[in-house]
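Please read the structure below before turning to the comments.
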Amino acid sequence: MSIHKLTLYELHKKFTAGEVTATEIVRAYGLRIGQVESKVKAYITQAKDSVVAQASALAASLKGWRKTAPMMGMPLAIKDNICTEGVATTCASRMLGNFVPPYDATVIRKLREQGYLLLGKTNLDEFAMGSSTENSAFGPSRNPWNLHCVPGGSSGGSAAAVAADECAAALGSDTGGSIRQPAAFCGVVGLKPTYGRVSRYGLIAFASSLDQIGPITKDVTDAAFLLGAIAGHDPLDSTSADVPVPDYMKALKKKDLKKLKIGVPAEFFAEGLDPDVEQAVRAAIEELKALGGTIKEIQLPRTDAAVATYYVIATAEASSNLARYDGVKFGLRAKETKDLLDLYMKTRQEGFGPEVKRRIMLGTYVLSAGYYDAYYGKAQAVRTLIRQDFDAAFHEVDLIVTPVTPTPAFTFGAKSEDPLQMYLSDIFTISVNLAGVPAISLPCGFSQAGLPIGLQLIGRPFEEETLLRAAYAYEQSTQWRMKKPVIR
Ligand code: GLN
């Protein structure tokens with residue numbers, strides 16, 4: 001079987017057994033990327049030369065020594081808002097177009113220490129703001145299932161790269177759905193860990209109280225495998241949790257859902273849900289029942305307030321986080337400026353795209369004197385209520401099952417003229433970030449037009465194992481992962 005078709009874990013086993021070398025892996029992926037990248041456009045930067053050097057260095061250090069770390073020799077793609085020392089990290093923004101970080105994000109340091117192979121940095125919506133990659137300053141990525149459709153966003157490049165076999169697995173970041181929504185649109189698996197489970201050090205901040213790095217993979221086993229390699233406490237991130245990391249692969253041992261109570265929130269099956277999506281998700285719920293789960297209707301009554309709450313909190317935090325891009329310390333600096341204020345203004349005018357500017361203005365407004373209590377203060381109060389809804393639900397059930405998105409992937413331009421329409425595409429993912437709980441998105445069917453549909457499982461804080469166990473049981477009892485896109 002061709003190397004690029006293997007899952008991450010399959011490749012790991014072959015590598016550990018000495019059946020394939022790092023150099024062969026790099027060569028195979030070089031060929032695959034050469035075949036499809038001009039159509040998919042998943043990458044902003046391909047680390048072509050450095051990955052060859054990494055592979056030979058690995059081969060040299062491995063001579064006569066067969067013990068391997070989990071990610072050793074594994075070819076990964078990294079979202080371009082995660083800092084990689086010596087490799088450009090642009091955030092898909094002109095502002096950071098020439099930014100080469102002098103340090104690694106903690107997740108990258110961990111992968112590097114294990115001997116992973118960095119294939120390249122993947123496309124995203126500028127500063128992770130968006131749902132389609134159409135906000136990238138370098139042009140959008142395309143959905144491997146239908147090149148006229150968006151791959152989702154903001155981690156659209158990572159999801160497209162995984163779906164198109166342009167990497168064995170990828171990392172994305174999720175602030176309001178940016179791992180799960182593109183995973184759903186591209187027919188792959190995406191896991192947003194509990195807030196604090198994975199270090200954010202070196203993840204370029206969008207909305208710090210919501211951002212979380214996580215895996216985008218070909219199947220559930222790979223999600224467990226990659227999460228184990230990046231999770232854990234980090235003194236460099238004050239919001240990272242000092243909670244032991246379990247062996248996530250062990251969670252996959254049980255193949256039934258006996259004793260698991262699974263909640264179905266009525267609010268997630270309301271008007272606006274595409275009939276193909278509803279049908280696929282309802283069928284998946286039946287399957288979870290057949291696997292031994294007990295299905296229970298539950299309520300998450302503040303679901304309708306989630307999008308509004310998110311767009312106050314996320315923009316407020318973004319306006320503050322993005323204040324550092326002023327042309328002085330790093331990144332773009334505008335030329336021919338009159339004075340310091342002119343330098344700030346021209347740099348920000350030239351460096352940021354329209355969506356980022358819109359959010360900075362919104363965020364600055366909701367934080368300004370006179371409006372702070374009315375908007376930001378209120379949004380924080382509603383956020384607490386949303387979290388309490390989840391707390392109450394998790395007294396009754398162990399897991400919550402919902403659709404990931406109201407519709408399958410949409411075509412380019414369908415929502416980019418209307419920001420509100422775009423914002424509404426995150427309606428099912430956003431409350432999970434506001435509550436800080438973990439959730440996984442995995443394939444559960446196809447629309448009549450042949451586009452993938454995603455199933456979302458939401459769990460209690462730090463109970464990624466339960467998510468993985470249920471997702472794995474469902475995945476193994478269905479065939480969805482077998483179908484692959486034909487890229488043309
Ligand atoms: N689409 C949402 C937004 O634009 C979520 C983005 C994300 O999770 N990074 O804010």
Side-chain angles (χ1 to χ4, degrees), residues 78-82 91-93 122-136 140-141 150-159 170-186 190-193 195 198 200 203-216 306-319 321-322 352-363 366 379 383 404-407 409-410 414-416 418-441 454 456 458:
I78 305 293
K79 187 177 183 180
D80 209 18
N81 61 349
I82 300 175
C91 259
S93 179
T122 51
N123 197 19
L124 64 151
D125 290 289
E126 185 175 7
F127 282 99
M129 298 176 187
S131 310
S132 67
T133 71
E134 290 170 291
N135 296 334
S136 167
S141 302
V150 303
S154 64
S155 314
S158 284
L171 289 186
S173 70
D174 191 312
T175 306
S178 278
I179 287 175
R180 292 159 285 156
Q181 184 256 24
F185 278 11
C186 293
L191 172 61
K192 184 206 89 80
Y195 185 76
V198 176
R200 289 185 298 111
L203 167 67
I204 297 178
F206 160 16
S208 315
S209 77
L210 302 159
D211 299 340
Q212 192 62 197
I213 296 173
I216 298 182
V307 172
T309 306
Y310 171 88
Y311 277 95
V312 172
I313 292 175
T315 58
E317 292 184 17
S319 73
N321 276 326
L322 271 57
F352 292 135
E355 181 61 26
V356 174
K357 286 179 183 156
R358 182 178 300 122
R359 296 202 188 192
I360 291 174
M361 288 196 293
L362 257 169
V366 299
R383 180 178 188 172
V404 182
T405 55
T407 66
F410 44 86
K415 296 179 197 256
S416 48
D418 185 349
L420 213 54
Q421 275 306 314
M422 191 71 94
Y423 296 172
L424 284 172
S425 67
D426 301 316
I427 191 155
F428 300 144
T429 48
I430 264 175
S431 48
V432 166
N433 300 72
L434 290 168
V437 295
I440 192 168
S441 158
Q456 176 169 246
I458 309 169

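All ligand and atom numbering here is 1-based and tracks the order in the structure. In this text the structure is predicted, and so the values were computed from the model without any measurement. No hydrogens, no waters, no symmetry mates; every other heavy atom, side chains included, goes into these values.
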Scanning both residues in full, the closest heavy-atom pair of S178 with K79 reads CB-NZ, 4.1 Å

Are E317 and T175 close enough, and set up right, to give a side chain to side chain contact (heavy atoms under 4.5 Å, CB included), and what steps lead you there?
CA-CA 11 Å; E317 292 184 17; T175 306; over 6 Å; no

Any non-hydrogen atom of Y311 lying under 4.0 Å from ligand 1?
yes

Could you tell me whether the side chain of D174 and the main chain of G177 form a donor-acceptor pair under 3.5 Å?
yes

Are A314 and ligand 1 in contact, using a heavy-atom cut-off of under 4.0 Å?
no

Can you check side chain to side chain contact (heavy atoms under 4.5 Å, CB included) on L322 and F352, steps first, answer last?
CA-CA 10 Å; L322 271 57; F352 292 135; 4.1 Å; yes

For atom 7 (C) of ligand 1, what's the nearest protein heavy-atom neighbour? Residue, atom name and distance, please.
S178 OG, 2.4 Å

From the candidates Q212, R180, K79, R359, the one that places a heavy atom nearest atom 4 (O) of ligand 1:
R359

Taking both backbone and side-chain atoms of S173, is any N or O found less than 3.5 Å from an N or O belonging to ligand 1?
no

Would you mind running through ligand 1 and noting each atom that sits below 4.0 Å from a heavy atom of S131?
1 (N)

Please say whether G177 places an N or O atom under 3.5 Å from an N or O atom belonging to ligand 1.
yes

A128: numbered ligand 1 atoms lying under 4.0 Å from its heavy atoms
6 (C), 7 (C), 9 (N)

Parallel, tilted or perpendicular: ring planes of Y423 versus Y311, cut at 30 and 60 degrees:
parallel

Tell me, with the steps shown, if L191 and I179 meet side chain to side chain contact (heavy atoms under 4.5 Å, CB included).
CA-CA 7 Å; L191 172 61; I179 287 175; 5.6 Å; no

Provide the closest heavy-atom pair for T429 versus G176 in the form atom of the first, atom of the second, distance.
OG1-O, 2.7 Å

For S431, side-chain hydrogen bond (donor to acceptor under 3.5 Å, both in side chains) partners two or more places apart:
none

If you count the atoms of ligand 1 from 1 in the order shown, which ones are under 4.0 Å from a heavy atom of S154?
9 (N)

What are the atoms of ligand 1, with element, lying closer than 4.0 Å to any heavy atom of D426?
1 (N), 2 (C)

List the steps and the verdict of side chain to side chain contact (heavy atoms under 4.5 Å, CB included) for S155 and L124.
CA-CA 5 Å; S155 314; L124 64 151; over 6 Å; no

Any N/O of M129 closer than 3.5 Å to an N/O of ligand 1?
no

Atom indices of ligand 1 within 4.0 angstrom of Y310 heavy atoms, with elements:
2 (C), 3 (C), 5 (C), 6 (C), 10 (O)

Looking only at distance, does F206 have an N or O less than 3.5 Å from an N or O of ligand 1?
no

Ligand 1 atoms nearer than 4.0 angstrom to some heavy atom of G176 are 5 (C), 7 (C), 8 (O)

